[in-house]
Amino acid sequence: MEDLSHWIDGKRVAGQSGRFADVYNPATGEVQARVPLASKAELDDAVARAAKAQIAWGATNPQKRARVMMAAVGLINRDMDKLAEKLSSEHGKTFVDAKGDVQRGLEVIEYCIGAPQLLKGEYTDSAGPGIDMYSMKQPLGVVAGITPFNFPAMIPLWKMGPALACGNAMILKPSERDPSVPLMLAEIFKEAGLPDGVLQVVNGDKDAVDAILDNDTVQAVGFVGSTPIAHYIYSRGCANGKRVQCFGGAKNHMIIMPDADLDQAADALIGAGYGAAGERCMAISVAVPVGDGTADALRERLVPKIEALKVGPWTAGDDVDYGPVVTAAAKENIERLVQTGIDQGAELAVDGRDFKLQGYENGFFVGPHLFDHVTTDMDIYRQEIFGPVLSMVRAKTYDEAIGMAMDHEYGNGTAIFTRDGDTARDFAHRINIGMVGINVPIPVPLAYHTFGGWKKSGFGDLNQHGPDAFKFYTRTKTVTSRWPSGIKEGAAFNFKAMD
Ligand code: NAD
């Protein structure tokens, strides 16, 4: 069994704490590696080294930093299959989906090639007599990224790309459940020309996270994961005076209007509800058909499609729609929530509980489920299940449907399926959710826009990637200068207008 490592000062470094976490192959249930869990001392040492390396990196001109990004794009494309295979083997998602995970991260690195343009400051010539004023965007210093298991390539790349392009050093603390791809990405960035120490990958759990939050050198923390941990990290990081943005869990509603193309809506729900075994923060987990006629017609289309879903290991290639969930604990949690759905009176229209895959009896596979007649007081409606379980909540009117999505505590993504422009426009304007799809089930913004949820799905200011990321990872300094110095005004005791 392989012992994984940290990535410190441009090389793999064994853990010193003596603590490890098991990394599983979710398809077989076997432990395939152990990942070291860093102590506070190891984390503090990595930060101190990063702070030294950041001085020269922060002073490197943005065009040179952009060239590192450009080289990394080429190398990630070169290693795409290798990265995706490793990703599938630790996460469980299909190979095609794993490539999508790498691709959506890669697109943010492509965006970061624009760093020289994005980091340009502002200049006012002759703001007063002999006075010029300019603002510059400077790196923060050492920043940290703490990332979840479900996108082990994409989200680390969303963090490291903008942070590094802005001239910061980054401590990346990936999920301990699938830590290999972030280590491979660190190797790639070294090959692309990133100086040693500028990107440190420190593996770990709560001890490492707390050490990040309490380390005075760490200036900013970007987190993605579940809402309780997002809130915890936001509170403790802010209390310690850091700049913090934390993205949390989700319960994404898709509203299906009576005028929608129901075949299109059903296909959208299958992909968005069951893709990646539902382990996406932008998965649709609640379908809200408006009117019983719409609900019945939708259900009629959904049930055979759900029953035909092919569940299996990533190694089975194109024969598989989705793979296992990430751990035995995740599987148990999904099964527990399914039971609460039954106990609380929802109708299990597709029952995936007896799902078994020959030859993979110990894998963490969960069959697809569909609940109908779910009500808003049920646990399966209120909680994030993060599994292949779709809940149908029937609404009588559009207002009831939009009200449901607006009243839910999460606000990551949502979608409406309709042919009516007025309804779609009203929905997009009124809804209190960060990312909205109109006849698009998973409205993940592209790299040059920004990604972020509202309500309990996001804490702090500014979104991920796009222009917001370049704001998050820099601070503005404004300089007022007077040349020549020949202008004599005498001492001034009051603020006054420039003339
Ligand atoms: P998680 O909250 O369990 O873990 C995320 C990170 O926090 C990991 O690096 C983990 O090591 C660390 N962590 C876990 N417990 C901790 C603790 N007690 N103290 C300090 N740190 C701790 O999340 P996950 O299970 O890895 O990921 C799935 C969750 O992430 C889902 O809720 C999903 O919706 C959410 N997610 C959100 C977005 C988004 O952009 N909003 C994107 C992807 C995933």
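One-based numbering, in listed order, for ligands and for the atoms of each. This structure is a prediction, so every number in the text was calculated from the model and none was measured.
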Self-check item: Side chains of Met378 and Phe371 in contact at under 4.5 Å (non-hydrogen atoms)
Solution: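 The answer is no, as the side chains (C-beta and beyond) never meet within the 4.5 Å cut-off.
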Self-check item: Side chain proximity check, Phe451 to Val444, heavy atoms < 4.5 angstrom
Solution: yes
Quick one: look at [X] and ligand 1, take heavy-atom pairs under 4.0 Å, and tell me if it's side chain, backbone, both or neither.
{"X": "Ile155", "value": "side chain"}
{"X": "Glu176", "value": "side chain"}
{"X": "Gln464", "value": "side chain"}

Practice problem: Give a yes or no on whether Lys190 atom NZ has more than 12 heavy-atom contacts from other residues, nucleotides or ligands under 6.0 Å away. | Solution: yes
Quiz item: Would you call Phe151 a ligand 1 contact, heavy-atom distance under 4.0 Å?
Solution: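 No, Phe151 has no heavy atom closer than 4.0 Å to ligand 1.
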Exercise. Measure the distances from the heavy atoms of Arg177 to every atom of ligand 1 and state whether one is below 4.0 angstrom.
Key: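 True for this residue.
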What residue and atom, counting heavy atoms only, is the protein's closest point to [atom], and at what distance?
{"atom": "atom 40 (O) of ligand 1", "answer": "Phe451 CE2, 3.1 Å"}
{"atom": "atom 18 (N) of ligand 1", "answer": "Ile229 CD1, 3.5 Å"}
{"atom": "atom 43 (C) of ligand 1", "answer": "Asn150 OD1, 3.3 Å"}
{"atom": "atom 27 (O) of ligand 1", "answer": "Pro148 CB, 3.3 Å"}
{"atom": "atom 31 (C) of ligand 1", "answer": "Glu384 OE1, 3.5 Å"}
{"atom": "atom 26 (O) of ligand 1", "answer": "Phe149 N, 3.0 Å"}
{"atom": "atom 7 (O) of ligand 1", "answer": "Phe223 CE1, 3.3 Å"}
{"atom": "atom 21 (N) of ligand 1", "answer": "Val209 CG2, 3.4 Å"}

Practice problem: Specify the closest pair of heavy atoms between Asn168 and Leu140, including all atoms of both residues, with the distance to one decimal. | Solution: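 Distance-wise, the nearest heavy atoms are OD1-N, 2.6 Å.
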Quiz prompt | Nearest atoms (heavy-atom pairs only) where Pro368 meets Val350 | solution =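 Closest approach of Pro368 to Val350: O-CG1, 3.6 Å.
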Exercise. Kindly confirm or rule out a cation-pi arrangement of Lys137 over Tyr473, judged by NZ or CZ under 6.0 Å from the six-membered ring centre and within 45° of its axis?
Key: no
Exercise. For the residue pair Phe365 and Phe355, categorise the inter-ring angle as parallel (less than 30°), tilted (30 to 60°) or perpendicular (more than 60°).
Key: tilted
[X] N/O under 3.5 Å from ligand 1 N/O:
{"X": "Gly225", "value": "yes"}
{"X": "Lys173", "value": "yes"}
{"X": "Asp210", "value": "no"}
{"X": "Thr147", "value": "yes"}

Quiz item: Taking atom 41 (N) of ligand 1 as the point of reference, which of Ala21, Gly248, Gly453 owns the nearest heavy atom?
Solution: Gly248
Self-check item: Proximal candidate to atom 23 (O) of ligand 1 [heavy atom criterion; set Cys281, Ser226, Cys246, Ala208]
Solution: Ser226
Quiz item: Which atoms of ligand 1 have any heavy atom of Phe247 under 4.0 Å away?
Solution: 39 (C), 40 (O), 41 (N)
Exercise. Please determine which of Asp44, Asp210, Asn240 meets the side-chain hydrogen bond (donor to acceptor under 3.5 Å, both in side chains) test together with Asn215.
Key: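 The option that passes is Asp44.
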Show me the donor-acceptor pairs, under 3.5 Å and distance only, between side chains in residues 426-437 and residues at least two apart or in other chains.
{"unit_1": "Asp426", "atom_1": "OD1", "unit_2": "Arg430", "atom_2": "NE", "d": "3.4"}
{"unit_1": "Asp426", "atom_1": "OD2", "unit_2": "Tyr398", "atom_2": "OH", "d": "2.7"}
{"unit_1": "Asp426", "atom_1": "OD2", "unit_2": "Arg430", "atom_2": "NE", "d": "3.2"}
{"unit_1": "Asp426", "atom_1": "OD2", "unit_2": "Arg430", "atom_2": "NH2", "d": "2.9"}
{"unit_1": "Arg430", "atom_1": "NH2", "unit_2": "Asp399", "atom_2": "OD1", "d": "3.2"}
{"unit_1": "Asn432", "atom_1": "OD1", "unit_2": "Lys455", "atom_2": "NZ", "d": "3.2"}
{"unit_1": "Asn432", "atom_1": "ND2", "unit_2": "Met406", "atom_2": "O", "d": "3.2"}

Quiz item: Regarding His449 and Tyr111, is there a side-chain donor-to-acceptor distance under 3.5 Å anywhere?
Solution: no
Self-check item: Ion pair check, Asp196 and Lys11, cut-off under 4.0 Å
Solution: no
Practice problem: Look at Arg104 together with Glu107 and state whether they make a salt bridge at an N to O cut-off of under 4.0 Å. | Solution: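 Yes, this pair counts.
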